[in-house]
> 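Supplied in structure tokens, the structure appears directly below.
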Amino acid sequence: MPRETGVPSGTLIMMVLQVLRHGPLHGYAIAQRIHLLSKDALRVEEGSLYPALQKLLMEGWVKAEWAVSDSGRKVREYSLTAAGRKQCEAEVAEYERLSSAVRAVLKGAK
Amino acid sequence: MNWRRLQFLWNRNRMERDLAEEMEAHRAMMDTPAHFGNVTRLREEAADLWGFRWLDEFLQDARHGARVFRRSPSFTLTAVAVLTLGFGVNLALFQVINATLIQPLRLRDPGTIIRLFQNASGARSSGVAYPVAEYLRNNSEVFSAMLMVQNLALPWGEATSDKLAASFVSANYFSELGAGMALGRAIQADEAGTAAVLSHQFWQTRLGGDPGVVGSSIRLNGRAVPVIGVAAANFTGPSLSPVQVWLPLENLDSLYPGSRWKTAWGDRGFNIYARLKPGVTETAAREALRTPMAELGRLYPNEVGDEPWIGTASGDAHFRRDRDKQEALMAVVLLLGISTLMLAIACSNLASLTIAHISARAGEFKMRTALGAGQGRVLRQLMAESSLLVAAGLIGGWACGYAAAQALLAEFETPVTIAPWPEWRLALGAAALAFFALFFVALPPALRLRNRGARTGMQQALVGVQVMGSCVLLLFGGMMTRKLQSVISEDLGFQFEKVAILEASLDRYGLNPAAVTAYWSAMRDAVAADPRMTGVALSTTAPLGNAINQSRYRDAPGLSVTVVRADAAFFDLLKIPLLAGRTFQPGDKPGTSVIVSQRLAQAMYGTLNVLGQGFPKTAEGQRATIIGVAADARLIQIAATDGAECYYPLTLSSMPHALLMTRVSTSQLDPLYAAARQVNPAITPSVTWMRAGFEKKLQAPMAAGLLATVLAALGLGLTAIGIFGLLAYSVSLRTKEIGIRMALGAPRTGVLWLVVKKLAIPVGAGALTGLLVVRGGLSKMLSGEPLYVDPADPLTLAVAMGTLLAAAFTACLGPVARAVRISPSSALRE
């Protein structure tokens, strides 16, 4: 089993936005999805997930609605707004620009 | 993002519930719910992102503050009273300034109405001659409507002495200004016969608000005039001077039979307002009127004067010309300056009260700090507590200010109504005041808490501010009072008691020059024949009136010279002594004979020996010859210190708008009215006491003086309390030290000095700053028009400083007595 770590700082918002692109999810599912997509490498702490979700709500990037899950449980589902979609693209582009820059530095220094 | 935050705040309870349920669901879905952690803590951390923490803290602090204040009612009451005073003064003045100077006039679209002023080279007037206005209406393309207004005082009822402020208006007046009616209807274009619309105030106060007034009639100038309506309460007309009754312009004919106002080219007595066509600016309209005015100058050179032109003023500026605007601005700056000073005194007083109150709660603050509260947190707590006091003071101040403003407006009979709820400009002003007060009251105690130890520097500074404020108020009040006193007690240079002025406005009746001369000589005879009247004189200028004809001469720089045309008896009637030469004689020609006043002679020639000299000293062309020197007389501007006079004989062309003056021995003006009726019943003159003009001129400076004195007394009272508080506090802090000194044999004078020393610096520095403020800035504003106070008057300075020191001394007595009576043994036992 790969070692579990927390989410790198500053990327949580981007990842939440990114996983919401494919449809509305509730809080637990967001954490699960990130965990799965990272091949169990990343674990989203509840202590940082919920403040992040509140920030997204305040910024108007996501909206929340109560729904009933497949297992019949009442859950609060988050979905991207148009502004959120734009923000997601911007953040992903920025992150890729940054990480390719970092990679270039690492490669050059070898 | 801010509106969303507000939305969140609004739905806060639901949001918290959602968050809690959501987290609970999340926990339940987990394989090991125990890993979720502390739900409450997580929820609070998430909720922090909403940014309401400050609000929670504020409410917490306010609740705590309310409990503290409940426990110390005397502190709370004093604090609220001090703030009520500070806010009340400010809000009252705000209300009055806003209602009379700033708030737009309650007219339909005032920005597109302008007032016209008929001017010519060397002659500016505040009105327009009716035929000139009519000519402009027919010969210019810039106006969509022209309103013609003639304001007159009309005798009301049976007695001739009771007068109404009447306004004769063109038929489009009410509709064009958008006036509402409380009862009945407005004046209409096809008004047949006489008709009166009453002002709401007149109807309420003088007619008892009689609901059946429409259809009844009132007696004006000896005739019954049917009342057709009552204007709405909020309708003021284009100017804020009170009007009691409006009448159709055409009624001038029936109320003044024989008057020829429609062709009186020389009578600039009409107030003319015009509605600009859409897209036409005030400047464009002024320029467009140059051509027709030039044409009129060619057609009627004698009546309209040289180079005639029209000046304008916009309804947005309350129809004030530039000079009037400056005066209004000065009044506003002065009033706001004074009231801000008052608030500063109140706030620094309260700040030092709060410091004393906090030192009694030292334990509580130590506890808070020990539990980890930072400086910012303590400041926020003090702010929350102060905001309670400020809110209470603001409510009290609003109520008091509203009452005071209403009383002030009623005193000046201003027809504006003010609402008890805040108008937006006022609300803005009140909010600014509240923030000013909040920082002023909360910041010093917070700084004081930071500096531990038994120091009094902060309170000393606060006392300094109070002394400074009181000093300025005292000096201002003193200067105003002194000026008033000198105006009232000093000789104006002429005797106006019992003198009546009769204004016949003959130019309105279109009499020919011979008829005018005949009228005046018949009037002279009729007055001379009545034993109740002594002396009779004619002049073109009413002493103590509002009309000014002033000139400035290159040869007498700095002097404003009032130019009067008068007959020979003028000097004798008003008891203006002739110091040299003679008065006018029948042979004197208007252009060639002149009598100058003493100051003018001194300023222009440096001597009183000026008989036979040419006047003005160096002028091109024809000069007048000085035939006499009269003593100085402040005829119009009673407070002016830069005035002088020169007198010319009456000309034939000035006779139609001459005034007759006589000394009447009865208490009423009936003999003069009777004489006028006997001479020509068709001509209805207006008769007033000269003294009424004097009283009117004193009204505004009296009010300013009274305001300044009352504020100075209040400010001084607060300052005395502040000084008392500072010393009492400092004595209580140093009881032990004083006890030890006494035990070691220090003399009582030494102890005395120890205590009073605390006061010397703030009082000295405060008084000095106050003095500098007055000498530096304020005196420049006050020494000229219209107040003419003397900023360097030694008596005023001495009295103001003496009062300040006396108040400080009185405030010292208690704490000092306590200090010197401290017994060493009991002090050391503490």
Side-chain angles (χ1 to χ4, degrees), chain A residues 1 4-7 9-10 12-13 16 19-20 24-36 40 42-79 81-84 86-87, chain B residues 1-62 371-374 376-377 380 384:
Chain A
M1 187 181 163
E4 272 189 2
T5 56
V7 175
S9 62
L12 179 59
I13 296 267
V16 172
V19 297
L20 286 177
L25 291 173
H26 52 79
Y28 180 68
I30 293 173
Q32 287 297 311
R33 183 66 62 86
I34 292 175
H35 188 68
L36 276 173
D40 299 350
L42 299 177
R43 206 186 100 77
V44 182
E45 295 281 347
E46 290 78 21
S48 40
L49 175 65
Y50 282 94
L53 284 172
Q54 296 312 314
K55 180 168 161 50
L56 291 175
L57 278 173
M58 288 288 280
E59 298 282 357
W61 292 334
V62 301
K63 56 183 197 289
E65 258 159 20
W66 285 102
V68 179
S69 73
D70 301 338
S71 53
R73 210 185 278 277
K74 197 178 161 222
V75 288
R76 201 168 180 219
E77 286 195 328
Y78 294 86
S79 55
T81 63
K86 235 160 85 190
Q87 179 68 22
Chain B
M1 154 120 184
N2 277 331
W3 67 268
R4 211 174 284 126
R5 177 165 288 179
L6 272 180
Q7 238 179 357
F8 274 51
L9 184 58
W10 188 248
N11 297 318
R12 187 173 181 189
N13 283 338
R14 207 195 69 210
M15 309 236 332
E16 282 190 343
R17 226 171 32 238
D18 280 353
L19 190 58
E21 278 178 39
E22 177 180 15
M23 286 184 159
E24 204 46 60
H26 186 143
R27 215 170 78 92
M29 279 185 270
M30 288 171 77
D31 304 331
T32 40
H35 283 170
F36 191 86
N38 184 334
V39 179
T40 311
R41 192 176 59 84
L42 287 181
R43 204 174 64 213
E44 279 186 356
E45 275 174 15
D48 270 354
L49 259 150
W50 299 337
F52 304 140
R53 186 130 133 212
W54 61 272
L55 186 73
D56 291 335
E57 280 181 9
F58 175 82
L59 290 175
Q60 217 174 20
D61 289 342
L371 287 175
R377 186 72 190 77
R380 281 201 300 275

> Taking all non-hydrogen atoms of both residues into account, name the closest pair between A/Lys74 and B/Ala25 and its distance.
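Closest approach of A/Lys74 to B/Ala25, heavy atoms only: O-CB, 4.0 Å.
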
> Can you confirm whether more than 12 heavy atoms, excluding those of A/Arg33, are under 6.0 Å from its CZ atom?
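Incorrect, the count does not exceed 12.
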
> Find the distance between CE (B/Met15) and CD (A/Gln54) and round it off to the nearest 0.5 Å.
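If we round to the nearest 0.5 Å, B/Met15:CE and A/Gln54:CD are 5.5 Å apart.
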
> Decide if atom CD of B/Glu57 counts as having more than 12 heavy atoms of other residues, nucleotides or ligands within a radius under 6.0 Å.
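Yes, CD of B/Glu57 has more than 12 neighbouring heavy atoms, counting only those of other groups under 6.0 Å.
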
> Please name the pair of heavy atoms, one in A/Arg73 and one in B/Ala28, separated by the smallest distance, quoted to 0.1 Å.
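Residues A/Arg73 and B/Ala28, closest heavy atoms: NH1-CB, 3.6 Å.
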
> Examine whether an atom of A/Leu57 lies under 4.5 Å from a heavy atom of chain B, and if so say whether it belongs to the side chain, the backbone or both; otherwise answer neither.
both

> Taking every heavy-atom pair that is under 4.5 Å apart, which of B/Arg41, B/Glu45, B/Met30, B/Glu21 has the most such pairs with chain A?
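Heavy-atom pairs under 4.5 Å are most numerous for B/Met30.
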
> How far apart are the closest heavy atoms of B/Glu22 and A/Trp66, and which atoms are they?
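Where B/Glu22 meets A/Trp66 most closely, the heavy atoms are N-CH2, 3.8 Å.
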
> Identify which part of B/Asn38 has an atom lying under 4.5 Å from any heavy atom of chain A, answering side chain, backbone, both or neither.
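For B/Asn38, no heavy atom lies under 4.5 Å from chain A.
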
